[in-house]
Structure formats: C-alpha cells, structure tokens
Q: 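Just passing along the structure, written as structure tokens.
For reference, positions follow the sequence shown, starting with 1. The structure presented is a predicted model; accordingly, all values stated were derived computationally and were not measured.
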Amino acid sequence: MNRTAHAFWLDAPGRGAIREVDLPAPGADEVLVRSLYSGVSRGTETLVFRGGVPRSQRAAMRAPFQEGDFPAPVKYGYLNVGVVEEGPQALVGRTVFCLYPHQTRYVVPAGAVTPVPDGVPAGRAVLAGTVETAVNALWDAAPLVGDRIAVVGGGMVGCSVAALLARFPGVRVQLVDTDPARARTAAALGVGFALPGDALGECDLVVHASATEQGLGRALELLRAEGTVVELSWYGDRKVSLPLGEAFHSRRLTVRGSQVGTVSPARAHRGYADRLALALDLLADPALDALVTGESAFEDLPDVMPRLASGDLPALCHRVRYDTP
C-alpha cells in the first residue's frame, strides 16, 4: 500500500499549504484510517489560523495529534471522520471519528478512534467534537425541567448547545445572535430566536458562546436574580471587560467557566471516551445537519481557510471532503 498522505499545515499565521507526509506501517494496536470528511471549527481553528493563541495557553490549546507548535508551522485540527483500512479485525471497514487534523490518511492507536453508530451519516459525524463540548457544558450547567434559558451566540458551539436543550421537557430555549440569518438555523433546531435587543429576560440560565464582551454583557442582563451564565467562549489573546458594577452584586449573579478539556466535575465518574460516544449517539438527530453550512474539497483548504478566518466565507461548521480514494 502507498505509505504517503497529504496534510494541511499552517505555514505562518494567515497562510496554509498542503504537504506530503510519510506514514508508518500500523503496529499491532494501531489503525490506518482513510479520511472521508473533516470539519473546521470556525471559532477555535480560525483563531489558530490567525496566530491568536496566547503564549500562556499554547500548551493547553494543543490538539491530541497536533504537530508543530503555535503560532506556526503547525498541523492543527480535531474533527475527522474516516474508514479504517488496516488494524484490528473488529475495526477494519468501520467508519470512525478521531480527534485528528486535516489529512488524507493517518495512523493512530486503535483506542484513539471511536466507531460512528450505524444511524449517523459520516458527513454529520464531523460534528462530534462540538456536540461533545455541548454535552460537557450542559453537565456543568445542569438545566432543570421548565427552565427559561438563553444561548447567546449562534456559532457552532452555541447552536449545538441549543439543539441539545431543545430536547429538555418544558424548557424555554431562545438562541440569541446579531445575525438575523441564524433564525433559520434556530427553527431547524426547534428553538426560538431573537436579536440581542429583543431577547426574553428573567432567564434561569444563560449559556454564552459569542466570544464577544458585548454578548457576555447581554447574557448577564438576561438573568433573573441569582441566575447563572455558563461561559463557553474562547477569547484567545483578547482582553474582555466584564460589567460587574450596577446590579451584578445585588442580584447575586454567577459567571461560571466551562471547557471541554476537562470532563465536568458533575460527571467526574464518566471518562472522555464515554462522553464522546454519547455525543456520537446524539448525532442520530438529522436536525443537527443544520450546523453544517458549507463544504469544500481538501485540496482547496489553502484558499478556503483565509476566507473562513476573515469571515468572507460565513460558516458554522465548514466540512472538508476527501475525494481521493
């Protein structure tokens, strides 16, 4: 078998290229995976593409199979779906998800791949990492039946959280975003929509995922007394002002961080593999197809990534298609 592959590398902030790489033969407990699709996480991955990872966070921000170091050159990504071509017999021929960058083929330990359930299309399974983030956020947030909830920020993570909250009985869920076009996404997910100025207040819980200080300020305004904002945004190297004056203290509000790198303490007995398997099971819902808003060929990534990073190509999850067998 041909032991070469092609990978997308960030050569310098704002500039990427496709490189040929040599593959090792898989060992006894390894698999060779041929990529079918990968996904670009528009928030985190475009921040990496722009070179915006703070020096203090470079170790924490490393992806599991990252090569190189921030800011560049670096091979970065973590939403990959492929088919196992070589490895343990139980996995050969299976469609799997792996936290691997954009590359046509790759070799990883067999334990690093998670089989995609039969009811989940491979093209939708690229959302697994983001839905896993949403699962962890809701473990942190612990919403209750009948809660009034706003999700501020209709990006990939915010929409994933809203989609899962739509399944909670009796919950009022409103997706809040500055882009009126997100109303169509909200409708597809089965939740309400509002522009920031029109959002419903007196919320028991607000999940913030806009990565803007304006969004965080509005999230606090939407809370009832003693309500909680769960902060999912990653701001990179930007400083954010938080409005802790006015009624913040008298209303006894809470801001709580949530990050997928650690399993929520509320579910500390559940491991990373269990959490990811749950996310893949949840992707059986076809409503989540609304989060995939664009697709291009792998060979086009050097041209597509700058457009995603600049916002010239708007997207929630941009899917990368691997056409070469």
Q: Taking R218 for the side chain and P196 for the main chain, is one N or O donor matched with an acceptor at less than 3.5 Å?
A: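 The answer is yes, because a donor-acceptor pair under 3.5 Å joins these two groups.
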
Q: Assigning hydrophobic clusters by single linkage (Ile, Leu, Val, Met, Phe, Trp, Tyr; side-chain heavy-atom cutoff under 4.5 Å), is V108 placed with F97?
A: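 Cluster IDs for V108 and F97 differ.
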
Q: Enumerate the salt bridge (Lys or Arg N to Asp or Glu O under 4.0 Å) contacts for residues 144-159, please, sequence neighbours excluded, ordered by first and then second residue.
A: R148-D204

Q: CG/L253 to CG/L244 distance, rounded to the nearest 0.5 angstrom?
A: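 CG of L244 is found 9.5 Å from CG of L253.
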
Q: Is there a donor-acceptor contact under 3.5 Å from the side chain of N136 to the main chain of Q259?
A: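 Such a contact is found between N136 side chain and Q259 backbone.
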
Q: Is there a donor in the side chain of S41 and an acceptor in the side chain of Y78, or the other way round, less than 3.5 Å apart?
A: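 Side-chain D/A pair, S41 to Y78: present.
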
Q: Kindly state each residue pair satisfying ring-ring contact (aromatic ring centres under 6.0 Å, His included) with at least one member in residues 268-321, sequence neighbours excluded.
A: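 Output for this query lists F298-Y322.
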
Q: From R224 CZ over to R252 CZ, what is the distance, rounded to the nearest 0.5 angstrom?
A: 11.5 Å

Q: Show the nearest heavy-atom pair for residues A128 and A279, with the distance to one decimal.
A: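 For A128 and A279, the tightest heavy-atom pair comes out as O-CB, 3.7 Å.
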
Q: Atom CG in L313, atom CE in M305: separation rounded to 0.5 Å?
A: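 The CG atom of L313 sits 10.5 Å away from the CE atom of M305.
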
Q: Does any pair with a residue in residues 13-64 pass ring-ring contact (aromatic ring centres under 6.0 Å, His included), and if so which ones, sequence neighbours excluded?
A: none

Q: Quick check: do L291 and L189 have side-chain heavy atoms less than 4.5 Å from each other?
A: yes

Q: With a 4.5 Å cut-off on side-chain heavy-atom distances among I, L, V, M, F, W and Y, is there a chain of contacts connecting L47 to V260?
A: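 Shared cluster, no.
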
Q: Rounded to the nearest 0.5 Å, how far does CZ of R270 lie from CG of L278?
A: 6.5 Å

Q: Evaluate the side-chain proximity of L36 to R34: yes if any heavy-atom separation is below 4.5 Å, no if none is.
A: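 R34 reaches L36 side chain to side chain.
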
Q: Sequence neighbours left out, what pairs pass ring-ring contact (aromatic ring centres under 6.0 Å, His included) with at least one residue falling in residues 179-198?
A: none

Q: Identify whether the distance between the nearest side-chain nitrogen and carboxylate oxygen of E213 and K239 falls below 4.0 Å.
A: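 Salt bridge flag = no for K239 with E213.
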
Q: Taking it one step at a time, do L127 and L283 satisfy side-chain contact (heavy atoms from CB on, under 4.5 Å)?
A: CA-CA 8 Å; L127 298 168; L283 280 165; 3.8 Å; yes

Q: Sort and list the pairs that fulfil side chain to side chain donor-acceptor pair (under 3.5 Å) and have at least one residue in residues 5-18, not counting sequence neighbours.
A: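 Output for this query lists D11-R19.
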
Q: So L232 and H208, do their side chains get closer than 4.5 Å, heavy atoms only?
A: no

Q: Quick check: is L242 connected to V176 through a chain of hydrophobic side chains (ILVMFWY, heavy atoms under 4.5 Å apart)?
A: yes

Q: If you look at every heavy atom in E86 and P26, which pair is closest and at what distance?
A: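 The answer is OE1-CG, 3.4 Å.
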
Q: Can you tell me which residue pairs pass the side chain to side chain donor-acceptor pair (under 3.5 Å) test with a partner in residues 306-317, sequence neighbours excluded?
A: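 Residue pairs passing side chain to side chain donor-acceptor pair (under 3.5 Å), neighbours aside: R307-D312.
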
Q: Looking at side-chain heavy atoms only, is the closest gap between V113 and L91 below 4.5 Å?
A: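 The answer is yes; the side chains approach within 4.5 Å.
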
Q: Between R94 and P115, which heavy-atom pair has the shortest distance, and what is it?
A: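 Between these two residues, the closest heavy atoms are NH2-CB, 3.1 Å.
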
Q: Nearest heavy-atom pair of L205 and P143: which atoms, and what distance?
A: CD2-CB, 4.2 Å

Q: Looking only at heavy atoms, what is the nearest atom pair of A315 and T293, with distance?
A: CA-OG1, 3.2 Å

Q: In the structure I gave you, are the side-chain heavy atoms of L216 and S233 within less than 4.5 Å of one another anywhere?
A: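 Counting from C-beta outward, L216 and S233 never come under 4.5 Å.
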
Q: Would you compute the distance between atom CZ of R182 and atom CG of D177 and round it to the nearest 0.5 angstrom?
A: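 It comes to 5.5 Å.
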
Q: So which atom in A290 and which in A188 form the shortest heavy-atom distance, rounded to 0.1 Å?
A: CB-CB, 3.8 Å

Q: Go through the steps for V255 and L220 under the test side-chain contact (heavy atoms from CB on, under 4.5 Å), then give the verdict.
A: CA-CA 8 Å; V255 179; L220 288 168; 3.7 Å; yes

Q: Name all residues meeting the side-chain hydrogen bond (donor to acceptor under 3.5 Å, both in side chains) criterion together with T185; count only those two or more places apart in sequence or in a different chain, and write none if there are none.
A: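 For T185 there are no side-chain hydrogen bond (donor to acceptor under 3.5 Å, both in side chains) partners, ignoring immediate neighbours.
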
Q: Given the rule that I, L, V, M, F, W and Y join up when any side-chain heavy atoms are under 4.5 Å apart, are Y106 and L301 in one cluster?
A: no

Q: Are any of the side-chain heavy atoms of L32 and V84 separated by less than 4.5 Å?
A: no

Q: Any salt bridge (Lys or Arg N to Asp or Glu O under 4.0 Å) involving residues 128-141? Give me the pairs, sequence neighbours left out, ordered by first then second residue.
A: E132-R275, D140-R256

Q: Is any side-chain heavy atom of V31 closer than 4.5 Å to one of P88?
A: yes

Q: Would V206 and V230 count as a side-chain contact (heavy atoms from CB on, under 4.5 Å) here? Give the steps.
A: CA-CA 6 Å; V206 177; V230 172; over 6 Å; no

Q: Taking only residues at least two apart or on different chains, which pairs with a member in residues 152-166 satisfy salt bridge (Lys or Arg N to Asp or Glu O under 4.0 Å)?
A: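 Every candidate salt bridge (Lys or Arg N to Asp or Glu O under 4.0 Å) pair involving residues 152-166 fails, so no pair, neighbours aside, qualifies.
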
Q: Under 3.5 Å, is there a donor-acceptor pair between the side chain of N80 and the main chain of S38?
A: no

Q: Please table the atom pairs, donor to acceptor, closer than 3.5 Å between any side-chain atom in residues 149-171 and protein atoms at least two apart or in another chain.
A:
from: S160; atom 1: OG; to: M156; atom 2: O; distance (Å): 2.9
from: R167; atom 1: NH2; to: L282; atom 2: O; distance (Å): 3.1
from: R167; atom 1: NH2; to: D285; atom 2: OD2; distance (Å): 3.2

Q: Tell me which pairs pass salt bridge (Lys or Arg N to Asp or Glu O under 4.0 Å) where either residue lies in residues 116-128, with sequence neighbours left out.
A: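 Salt bridge (Lys or Arg N to Asp or Glu O under 4.0 Å) check on residues 116-128 returns R124-D289.
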
Q: Report whether L280 and L288 are members of the same hydrophobic cluster (ILVMFWY, side-chain heavy atoms less than 4.5 Å apart, transitive linking).
A: yes

Q: Is any side-chain heavy atom of T254 less than 4.5 Å from a side-chain heavy atom of V229?
A: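 In short, these two side chains do not touch, never coming nearer than 4.5 Å.
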
Q: Could you give me the CA-CA distance, side-chain angles and deciding distance for L200 and R172, then say whether side-chain contact (heavy atoms from CB on, under 4.5 Å) is met?
A: CA-CA 10 Å; L200 298 172; R172 183 193 81 188; 3.7 Å; yes

Q: Could you tabulate the donor-acceptor pairs under 3.5 Å formed by side-chain atoms of residues 67-77, not counting sequence neighbours?
A:
from: E67; atom 1: OE2; to: K75; atom 2: NZ; distance (Å): 2.8
from: D69; atom 1: OD1; to: R62; atom 2: NH1; distance (Å): 2.9
from: K75; atom 1: NZ; to: Y100; atom 2: OH; distance (Å): 3.3
from: K75; atom 1: NZ; to: Q103; atom 2: OE1; distance (Å): 2.6
from: Y76; atom 1: OH; to: M61; atom 2: O; distance (Å): 3.4

Q: Working to the nearest 0.5 angstrom, can you tell me the gap between E45 CD and R50 CZ?
A: 11.5 Å

